[in-house]
Amino acid sequence: MKKVAIFGNAGGGKSTLAKHLAAATGLPLHSLDKIKYHPGGAEVPHEDYLDIHREILKQDEWIIDGFGCVPSAWERFAAADTLIYLDLSLFMHGMWVTKRLLKGAFMNPEGWPENSPIWKSSLNSYRVLWLCHQKLTPRYRQLMDETQNTKQVFHLRSAKMIKAFLQAL
């Protein structure tokens with residue numbers, strides 16, 4: 001486990017899992033939200049994001065959590081030796097977006113740039129939930145099936161499975 005891609009729908013706990021995995025392995029952690037957005041929430045120019053992403057992929061070790069965009073996600077999945085897919089129910093993803101929204105009133109969410117607009121970002125997460133579920137979830141599941149013999153894959157489908165994965169570290 002040297003190049004790890006952590007992905008899934010909004011609010012699935014990707015950043016929290018990535019933080020724990022980085023602490024347990026010593027691998028450098030790169031949160032895509034912090035690469036795609038400046039402190040305060042302004043978006044980094046897309047080409048700059050892609051350049052930063054490509055530079056990270058050239059490194060010998062990394063953990064990358066998040067989505068970014070479709071081309072960078074599939075580039076990352078191809079480069080990774082380990083895929084961790086957080087595939088919770090749509091209801092659970094929605095509940096965890098709500099939990100992040102409520103906690104965000106008091107502290108910056110895990111993996112987010114400083115002073116991110118929590119309300120605006122959370123509304124965007126709610127909008128993305130269904131789109132991701134409809135468009136990306138089937139592709140993610142297919143990716144996990146297709147790569148299980150060539151990569152280390154962890155398809156975590158519940159909070160219990162996430163907890164067990166972290167305890168096994």
Side-chain angles (χ1 to χ4, degrees), residues 1-88 93 96-97 99-100 103-104 107-118 121-122 124-125 128 132 136 139-140 143-144 146-157 159 161-169:
M1 185 182 298
K2 291 185 170 269
K3 297 179 178 184
V4 183
I6 301 173
F7 57 101
N9 205 339
K14 297 177 294 290
S15 296
T16 301
L17 175 70
K19 180 182 96 171
H20 290 291
L21 184 60
T25 63
L27 294 171
L29 173 59
H30 305 278
S31 172
L32 290 182
D33 285 339
K34 289 184 176 179
I35 295 168
K36 277 193 63 90
Y37 299 96
H38 295 291
E43 193 165 355
V44 169
H46 189 65
E47 285 304 316
D48 293 347
Y49 158 73
L50 291 174
D51 290 342
I52 294 166
H53 184 264
R54 284 186 197 110
E55 287 303 311
I56 294 168
L57 293 185
K58 290 178 187 177
Q59 297 172 11
D60 292 332
E61 297 181 333
W62 42 260
I63 296 171
I64 302 174
D65 87 89
F67 178 68
C69 65
V70 170
S72 69
W74 260 257
E75 183 180 10
R76 180 169 56 259
F77 302 155
D81 61 34
T82 305
L83 301 174
I84 303 174
Y85 174 32
L86 301 180
D87 187 12
L88 309 175
H93 281 280
W96 285 7
V97 167
K99 178 181 173 184
R100 183 177 63 201
K103 282 178 66 176
M107 60 191 287
N108 205 55
E110 193 75 52
W112 284 26
E114 288 299 316
N115 301 316
S116 291
I118 186 71
S121 298
S122 295
N124 187 57
S125 291
V128 166
C132 180
L136 290 174
R139 292 180 68 190
Y140 288 159
L143 173 70
M144 298 305 280
E146 291 173 353
T147 58
Q148 65 185 343
N149 295 323
T150 58
K151 298 180 185 288
Q152 191 169 2
V153 298
F154 298 94
H155 191 164
L156 306 178
R157 295 179 179 94
M161 288 180 80
I162 294 169
K163 185 177 181 180
F165 174 81
L166 288 171
Q167 288 176 338
L169 296 175

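Computed from a predicted structure; not experimentally measured.
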message: With heavy-atom distances below 4.5 Å as the criterion, would you say the side chains of Gln148 and Met144 are in contact?
response: no
- prompt: Side chains of Leu21 and Leu169: closer than 4.5 Å at any heavy-atom pair?
  reply: yes
message: Given 3.5 Å as the limit, does a donor-acceptor pair link the side chain of Lys14 with the main chain of Leu86, or not?
response: no
query: Do you know which two heavy atoms are closest between Phe77 and Ala5, and how far apart they sit?
result: CD2-CB, 4.0 Å
Quiz: residues 54-61 side-chain donor-acceptor pairs under 3.5 angstrom, not counting sequence neighbours:
unit_1	atom_1	unit_2	atom_2	d
Glu55	OE2	Lys58	NZ	3.0
Glu61	OE2	Lys2	NZ	3.3

query: Do Ile6 and Ile63 have side-chain heavy atoms sitting under 4.5 Å apart?
result: yes
- prompt: Could you state the interatomic distance from NE2 (His20) to CG (Leu29), rounded to the nearest 0.5 Å?
  reply: 11.5 Å
task: Test side chain to side chain contact (heavy atoms under 4.5 Å, CB included) on Leu136 and Phe7 and set out the steps.
output: CA-CA 11 Å; Leu136 290 174; Phe7 57 101; over 6 Å; no
query: CD of Glu146 to CZ of Arg139: how many Å apart, nearest 0.5 Å?
result: 10.5 Å
message: With side chain to side chain contact (heavy atoms under 4.5 Å, CB included) as the criterion, how do Val4 and Ile84 come out once you've worked through the C-alpha distance, each side chain's angles and the decisive distance to 0.1 Å?
response: CA-CA 7 Å; Val4 183; Ile84 303 174; 3.7 Å; yes
Would you be so kind as to tabulate the donor-acceptor pairs closer than 3.5 Å made by side chains of residues 40-53, with sequence neighbours excluded?
unit_1	atom_1	unit_2	atom_2	d
Glu43	OE2	Lys36	NZ	3.3
Tyr49	OH	Ser72	OG	2.6
His53	NE2	Arg76	NH1	2.6

task: List the atom of Ala159, the atom of Leu88, and the distance in Å for their closest heavy-atom pair.
output: N-CD2, 4.0 Å
By side-chain contact (heavy atoms from CB on, under 4.5 Å) - contacts of Gln152 (at least two apart): Met1, Thr82, Phe154
query: What's the spacing between His93 NE2 and Asn9 CG if we round to 0.5 Å?
result: 5.0 Å
Tyr85 and Tyr140 aromatic ring geometry - parallel, tilted or perpendicular at 30°/60° bounds: perpendicular
field: Short side-chain to backbone donor-acceptor contact, His30 and Ile64, under 3.5 Å
entry: no
